[in-house]
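Here's the structure we're looking at; comments come further down.
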Amino acid sequence: MAGAVTVPDSAQRVAVVGGGPGGLYTAALLKRLDPARSVTVWERNAPDDTFGFGVVLSDETLGGIEHADPVVYAALQRHFVRWDDIDIVHAGTRQTSGGHGFAALGRKRLLQILHDRCRELGVDLRFRSEAPDVDRLAAGHDLVVAADGVHSTTRDTYSHVFRPHVATHRCRYIWLAADFAFDAFRFEIAETEHGVMQLHGYPYSRPSPDHHPSTRPSGPQNQSGASTVIVEMREEVWRAAGFDELDEQESVARCAKIFADALGGRPLRSNKSAWTTFRTVVNEHWSHGNVVLLGDAAHTAHFSIGSGTKLAVEDALALAACLTEQPDVASALAAYEAERKPVVASTQRAARASLEWFENIGLYLDQPPRQFAFNLLTRSRRVTHDNLRLRDASFTEAVERDFGCPPGTPPMFTPFRLRGLTLRNRVVVSPMDMYSATDGVPGDFHLVHLGARALGGAGLVMTEMVCVSPEGRITPGCAGLYTGQQAEAWKRVVRFVHTRAPGTAIGVQLGHSGRKGSTRLMWEGMDEPLEEGNWPLVAASPIPYRPDSQTPRELTRSQLTDIREQFTSAAWRAARAGFDLLELHCAHGYLLSGFLSPLTNHRTDAYGGSLERRLRFPLEVFDAVRGVWPAERPMTVRISATDWAEGGTSAEDAVDIARAFAEHGADAIDVSTGQVVADERPEFGRSYQTPYADRIRHATGRPVVAVGAISSWDDVNSLILAGRTDLCALARPHLYDPHWTLHAAAEQGYNGPGAVWPAPYRAGSRRPQTGRTDAPKPRLTLGG
């Protein structure tokens, strides 16, 4: 970026609103890239005012700074404190994991470095100055950079364009400091009479020269330096502890007392510190005309995953690069937004997962110490089992030993027992509708489809949703279990799995389409009504799924009895066919799911209203099916743990629903989400549904199956070893690769009872050789 092309005249006059690290670094970069630019920074506070203590920057961010401005990088290097370890202290034990690599320095020092660099380059810094109205700035400048923080006035002014969404979360926290340097990034959990509190601490100023980091005492060392200390707890704990009635100094003293062990009895200090609630800021758009948002004005990410300073600095680097590379400001701002939004969205997803983990930390306090530490370290899904093994193999191996992994066995290949069924590994081929049956009869396609995935090594292969009646089908191509011919066809599939893939279990998922039936095959128009040949629909309430969908009839009492008997008849046929496990489909807006959600159940009789009443019919069906299903075979239930829509099933409701099925004998809960209403707004992302399974597992004590964008064996290992799930169900990865499980074993160097290659396939149990890329290069020239 230092060798920039000429910047167009349209970017010569730049106004920066906000003198935090993001705004200052943007100003310095833009001035360095083109000294002819006029760059002015407005900052309402004095130069030495700062309301934080330390900031953390990643090696990736530092690499960008080094490339963009070696002068700033060199100044930062002189003041950085670096460390590799994370300490997790809970229940009187400390677990240490190494190899993480952090760098931090004081926020005040960072601002001084950026002030000096801006002055050296000729940036006009205006402290104790309110920026002019943004409309005036936009009219008088070619570019306005709004780096005015989480409470951005600029964002509020143009909210109709930026369309911000601000979410407030459940914990209170306060930024403090200690006048000594922790020797690691420290998480300390305090279980008090009022509830759980946690400390996040890290050093940010250099310790004394006689400090020897290789020495690891049980408490903090007597040394110079300073550390950031953040104390956090849920709102109800904060109030119960009386913090809402304490002033600043009283809060500081109380925090020091609660975490006296971590602090070695030392005091904490504040800097106009106040208890606050974290706000996640998301904007649909980041620019308006020549005005662009940067840093906390555009986005926030919870402090438990990283620093807002890190994101702001990365924004500055990207904005400066785009202004250099693009022909005009409009193109540059569009390129900047296109480049940064996906990166920030990924960071915010990870930060949300981390934030919610700490909000719900009470769920995990009974875990063994090392598993608790592993769970904390992998909470955001950015640090994984394989990644942590590279960072600290000895710690990861100790967690595996505690979990019960035999030597050399990844967590995913440990067995798991449900009632009388033992699965040889933790991988499930998730139910996937194939829409390829004729009159509900599964044919050769189903034999090959399910048989191939059984040969591929999964512990459990699930059928698609098998419908309990012709009217209960989703499409004309859906499979059923309402005739003897269908049962015989399924028996053929089950026999193949049991004889040709011994050790693999096969399960059947029973369901009824409800208001989502009588539609076209998926590839002809998902959820679109049939053009002809429609059959009447029934549901909990007469509410169509989409405006163009057929309106279902509300089920009468006698019809409820008929449908319950259809389920029991199908379950009886499934047992005769030899299925090892039965799952009742109460998710995705189909009939039983429609009773559970308040968005789809508007009944006023005994089957509608409160959650207890909405549960009544699904539980009646469950009890009836369990009554005919063999006692030694397990039965699971799939639920939608959220509707992803306002007023729908909440996470708390999902726990109650899962607990109700568990009390009626469900051996495990298969936790999915959504597809209940057409106007849902799911928060997609890697493993995005697994937090719901995690919560249900720990709240109910019942095994769970996690689903939802789990795509790598590393994710499976991470989720299982952390105790967030017992089994992982994968769908699309098994469409891409029917032998996904066996290939996962081969890639991890595992050859054991958890992943047995069928005899005809053993010659393929090693990855085929490819052309070498690491061979010595031929000598083409002579030296000297």
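Just so it is clear, the model here is predicted, and its values are computed rather than measured.
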Subject >> Sidechain-backbone polar pair: R117 side chain, L114 backbone, donor-acceptor under 3.5 Å >> reply: no

Original post:
Can you name the residues that form a side-chain hydrogen bond (donor to acceptor under 3.5 Å, both in side chains) with S97, not counting sequence neighbours?
Top reply: H100

**OP:** Classify the side-chain pair D714/T384 by whether it contains a donor and acceptor separated by less than 3.5 Å.
**Re:** yes

Original post:
Would the F80 and Y204 ring centres measure less than 6.0 Å apart?
Top reply: no

Original post:
Is the shortest heavy-atom distance from the side chain of F180 to the side chain of L263 under 4.5 Å?
Top reply: yes

**OP:** Would you tell me whether Q77 and R82 have side-chain atoms, one donor and one acceptor, within less than 3.5 Å of each other?
**Re:** yes

Subject >> Donor-acceptor side-chain pairing of D366 and H698 below 3.5 angstrom >> reply: no

Original post:
With E235, which residues qualify under side-chain hydrogen bond (donor to acceptor under 3.5 Å, both in side chains), at least two apart?
Top reply: R172, R239

**OP:** Establish, from distance only, whether the side-chain atoms of T300 and D296 form a donor-acceptor pair under 3.5 Å.
**Re:** no

Subject >> Ring centroid separation F372 to Y364 under 6.0 Å >> reply: no

Original post:
In terms of side-chain heavy atoms, does S304 have a donor or acceptor partner in H200 at a distance below 3.5 Å?
Top reply: no

Original post:
Do W175 and T228 have side-chain N/O donor and acceptor atoms under 3.5 Å apart?
Top reply: no

**OP:** May I ask you to check whether F162 and H285 place their ring centres under 6.0 Å from each other?
**Re:** no

Original post:
Does a side-chain N-to-carboxylate-O contact under 4.0 Å join D715 and R381?
Top reply: no

**OP:** Scan side-chain atoms only and decide if N375 and Q367 contain a donor-acceptor pair under the 3.5 Å cut-off.
**Re:** yes

Original post:
Have S346 and R382 got a donor and an acceptor in their side chains that come within less than 3.5 Å?
Top reply: yes

**OP:** Assess the pair F127 and H115: is the distance between their ring centroids shorter than 6.0 Å?
**Re:** yes

Original post:
Do H385 and E400 get their side chains close enough for a donor-acceptor pair, meaning under 3.5 Å?
Top reply: yes

